[in-house]
Every structure is written in structure tokens, then in C-alpha cells.
Amino acid sequence: MSQRGVWQLQKLIVSYCNWGGSSRGVRAFMESELPSFKEANPQLEVVTELNRGQHPYLKGLYKNKNERVVSVMNMTPEEVQLCATRLRNSLGRKVVKLKTRHVTKHPSVQGTWTTSTQI
Amino acid sequence: MANRRCIQTLTHQLYKSKLYTNPSSSLHHLRTLSQIPNLPLKPLQSHLQYVLSNPNFNYPLTNFTTHRHYSSDSHNNSDESEEDDSEFDENEDDDDEMEMRSSGKKEYSPEEKESEAADIGYKVIGQLERSDRVFKDYEPVFAVIQIGSHQFKVSNGDCIYTEKLKFCEVNDKIILNKVLMLGSKTQTMIGRPVLPEAAVHTVVEEHALDAKVIIFKKKRRKNYRRTKGHRQELTKLRITDIQGIEKPEMPAPTKKVEKTAVAA
């Protein structure tokens, strides 16, 4: 995602284990699809971390200092890529239910209607 | 059925013999075929008669395809009539469309299809952005836009959350061409139902999932309880420009509003 043209995801940390079976998908993703993902997003800093004995996760650091951790345990490489793409596509904002679908600072152009408005 | 099987084996032999052996033996086979009594040979008869009367056996080989019946075949009612008469190879591959049926994804390979689907959602994909000065200050102009089945009253610099638009990435420029109404401080243009020459430029900001809603179903005293989680996929669009109406050049704070409806 990008707010006003500025990409919001700064860093993506791919944490995996080289022994555990839950990391199989992530390891395959790192071999097959991670290079193309890196090239498609040159503005993004992608780091792989070895974390032995733990389940794998993707951690995204956003410009608003927000951290989003997504567990990719037991996922296929395509699913891992989908997760990574979703992290890249979103702003860092907190995931709450939207109040309105239309966010604006100037709600009225011709003047807000009141009961005494005359056309 | 046994009769039919006999015919089939005979025709198999005929076909093979036609390929390899001399014509006389194949003629013999044909005559035996026609002399077998009590056979539902009508569809084949015309075929056979033609073959019998035809001295040269340089027959187009593709005419005579034999059908093997497997127990795993899908049984349609039209199978009965088709088995003897079908003389064509079944080639159904539209590679564009039928590729990924199993995975549930459709390949919109020609770009026309993409733009078709874009028309359904009333958007046209422009280019990705590279250091364009697209984000202007607020202008006192609004437009009423329709995307899919939702309508929004939109102005410069607003953000809109719509259902996920399929064929655009983040940082794409999009033109929404279904504009129902345009308005400014002094002028209002009402479309019937759409304004033909109006366009609204937007930029895709994000594709994200909404917060999870839990769909809970219960029927009391009936031991029935279901819980389902759902996250809707949304696209956030930022409106950058509205075209098709004269914009007032001076951002004057005077608030005299004169509306003249101009039908488009």
C-alpha cells in the first residue's frame, strides 16, 4: 500500500526454522518466490532470520511504527506469498471495523442542507 | 447390447484391416456385417452402403472413429444416439478459459477481458505512478460516483473503501467513468443517468482485509450452534481529480449559492 505515493511497509522479516516441518512451506517460498518478490518491491527491505525450534512467521514493520506479525506455520509457498503480498498491500493501520466507507475532510461543497435552505 | 458389441468388434476389425490388408477381405467383412439379421443397423447402413458401392478404399481415415465405453464414463441420455454417428474428434480446449478451473482462478489472459470486467466495476486502469504531481489541494467540486453497486459523493482528496477491485495493484491510477452527478459552488450537472464526458481520477492506496466479523448462528433448545469468521477484502481509493466541470479559480469564501441545473 502506499499513502499518497509513499510505500508504508518498510521492512519484512521472514523468520523460519531449518529443521522443523512447519517451516517447510516458508523454506520453499524462500527458494522459489522470495527473490522475485524482492525484485518486485525494491523499496522494501526483506530480511530472513533463522529461528530454530520456533514456528515460522512474517513480521511487517510499517512507517507508523506498527508491527504486524502473521504466522505462516504449515502453509504452502503460494499461501506464504499471498500473506507477504497482503502485508505489502496494506497500510499499517490498526485492524478495526470501519466507521464509514467514505473518509473526507470537506463533506459539503454547496453548503450543508438545513431545513431552511432554499433552492 | 451383445449385438452392438459384435458390430463394434467387427467394425474395429474392418477398420484395422482397411489399414493393412488387401481390399478383398475387407469387402468380405462388410458383406457379413450387412447380412446379420435383426440388427439395429440403420445409422450404420447408409455408411456401409456407401462403402460397399465405393470401389476405392482410400477413405478419409478420420471419418471412422470408434468409441470405447468405460464404466467411468459419464452417462448422458444423448450417448445412445451419438455412439454410432459421431465422426468427429472432440476438441474442447479453450486454453484461455479452462486452464485453472481446478484451482478456482480464472486466467483473464486477453486484456480485453480485463477491461470488460473493469467496465462492470466502472473503472479503467491507468498507469502506475512515478513522481507525478497528482495530489492537489482541495477544490470545492464534488461528484457522485458509482462503483459496482455502491454510490459515493466524492470530492478531491477523499478516501473511499470499496469492495476489492480485481485488476489493479497498489499505486495504480484508476479512472472511474460512471459519474452520475457533478457539482461545484455555482453549477450542478445532473446525468441521465450518467454524465458522458465526466471522469474522476483516483489512486489505489491499499488492498486490505477488514476486521473480522463473527457470524454466529444459534437455535435455542435445538442443540444448534455455528460460528463462522469473515474478513471482507477492501480497496482504498484516494480521489485525486474530478474532470468534466468548470472549477472556480478563486477559492472565494463568499457563500452565495446559485444552482442552475444543467441536464447532460
Side-chain angles (χ1 to χ4, degrees), chain A residues 1-10 12 36-37 39-44 58 60 62-64 66 68-70 76-79 81-114 116-119, chain B residues 103 128-135 138-143 145 150-164 169-172 182-188 203-213 231-240 248 255-259 261:
Chain A
M1 78 330 14
S2 55
Q3 202 152 30
R4 289 179 172 264
V6 180
W7 288 96
Q8 292 292 309
L9 183 64
Q10 284 173 317
L12 184 68
S36 51
F37 186 80
E39 280 163 23
N41 303 291
Q43 79 285 347
L44 188 56
L58 296 174
Y62 291 91
K63 269 202 176 161
N64 55 359
N66 202 8
R68 265 177 70 177
V69 180
V70 178
T76 60
E78 292 83 21
E79 290 175 8
Q81 189 179 30
L82 181 66
C83 281
T85 314
R86 280 214 177 121
L87 281 178
R88 188 221 18 151
N89 277 348
S90 56
L91 301 172
R93 64 186 175 93
K94 198 170 170 185
V95 183
V96 282
K97 185 178 163 191
L98 291 172
K99 301 274 180 172
T100 40
R101 286 210 169 183
H102 177 207
V103 178
T104 173
K105 287 188 179 169
H106 304 271
S108 171
V109 169
Q110 296 171 351
T112 325
W113 182 86
T114 60
S116 50
T117 316
Q118 299 296 324
I119 301 180
Chain B
S103 70
L128 281 173
E129 205 169 316
R130 302 168 198 176
S131 65
D132 292 336
R133 297 288 164 256
V134 192
F135 299 106
Y138 169 68
E139 293 150 2
V141 176
F142 74 87
I145 275 171
H150 306 283
Q151 296 180 1
F152 300 95
K153 176 189 108 47
V154 140
S155 179
N156 192 16
D158 289 356
C159 287
I160 276 185
Y161 290 91
T162 63
E163 307 298 323
K164 181 172 87 164
E169 310 288 324
V170 180
N171 255 348
D172 268 1
L182 284 173
S184 75
K185 283 263 187 205
T186 51
Q187 218 187 19
T188 313
V203 173
V204 178
E205 275 215 349
E206 72 169 324
H207 286 305
L209 294 172
D210 204 2
K212 185 184 258 191
V213 279
R231 296 193 76 180
Q232 184 70 8
E233 300 213 47
L234 300 174
T235 302
K236 183 176 179 188
L237 299 172
R238 186 178 286 267
I239 314 291
T240 53
K255 294 202 177 172
K256 281 230 163 168
V257 177
E258 298 165 25
K259 293 177 206 174

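Side-chain atoms are counted along with the backbone in the values below, which use heavy atoms only and exclude waters and symmetry mates.
Interface remark: B:Lys212 contributes no atoms to any contact with chain A (heavy atom separation under 4.5 Å). With a threshold of 4.5 angstrom between heavy atoms, A:Thr100 approaches chain B through N, CA, C or O but not through any side-chain atom. Contacts between B:Ser184 and chain A at a heavy-atom distance below 4.5 Å involve the backbone alone (N, CA, C, O). Contact annotation for B:Val213: neither backbone nor side-chain heavy atoms come within less than 4.5 Å of a heavy atom of chain A. Interface residue B:Leu234: only side-chain heavy atoms are found under 4.5 Å from chain A. Proximity to chain A is limited to the side chain of B:Glu169, based on heavy atoms less than 4.5 angstrom apart. Only the side chain of B:Phe152 comes within contact range of chain A, with at least one heavy atom under 4.5 Å from a heavy atom of that chain.
With rounding to the nearest 0.5 Å, the separation of CZ in A:Arg86 from CZ in B:Arg231 is 8.0 Å. Considering CD of A:Gln110 and CD of B:Gln187, their distance stands at 10.0 Å, rounded to 0.5 Å.
In this structure the side chain of B:Ile160 reaches within 4.5 angstrom of the side chain of A:His102, judged on heavy atoms. Side-chain atoms of A:Arg101 and B:Glu163, non-hydrogen and from C-beta on, do get closer than 4.5 Å to each other.
Scanning both residues, A:Leu91 and B:Glu206, for their nearest heavy atoms gives N-OE1, 3.0 Å. For the residue pair B:Glu205 and A:Arg4, the shortest heavy atom distance occurs at OE2-N, 3.3 Å. Taking all atoms of both residues into account, the shortest heavy-atom contact from A:Pro107 to B:Lys153 is O-NZ, 3.1 Å. Minimum interatomic distance between A:Val96 and B:Asp210 (heavy atoms only, all atoms of both residues): O-OD1, 4.0 Å.
Interface remark: of the candidates B:Thr162, B:Val204, B:Val154, B:Leu209, B:Leu209 forms the most heavy-atom pairs closer than 4.5 Å to chain A. Interface summary for chain A: among B:Gly157, B:Ala208, B:Ser155, B:Ala211, the most heavy-atom pairs under 4.5 angstrom belong to B:Ala211.
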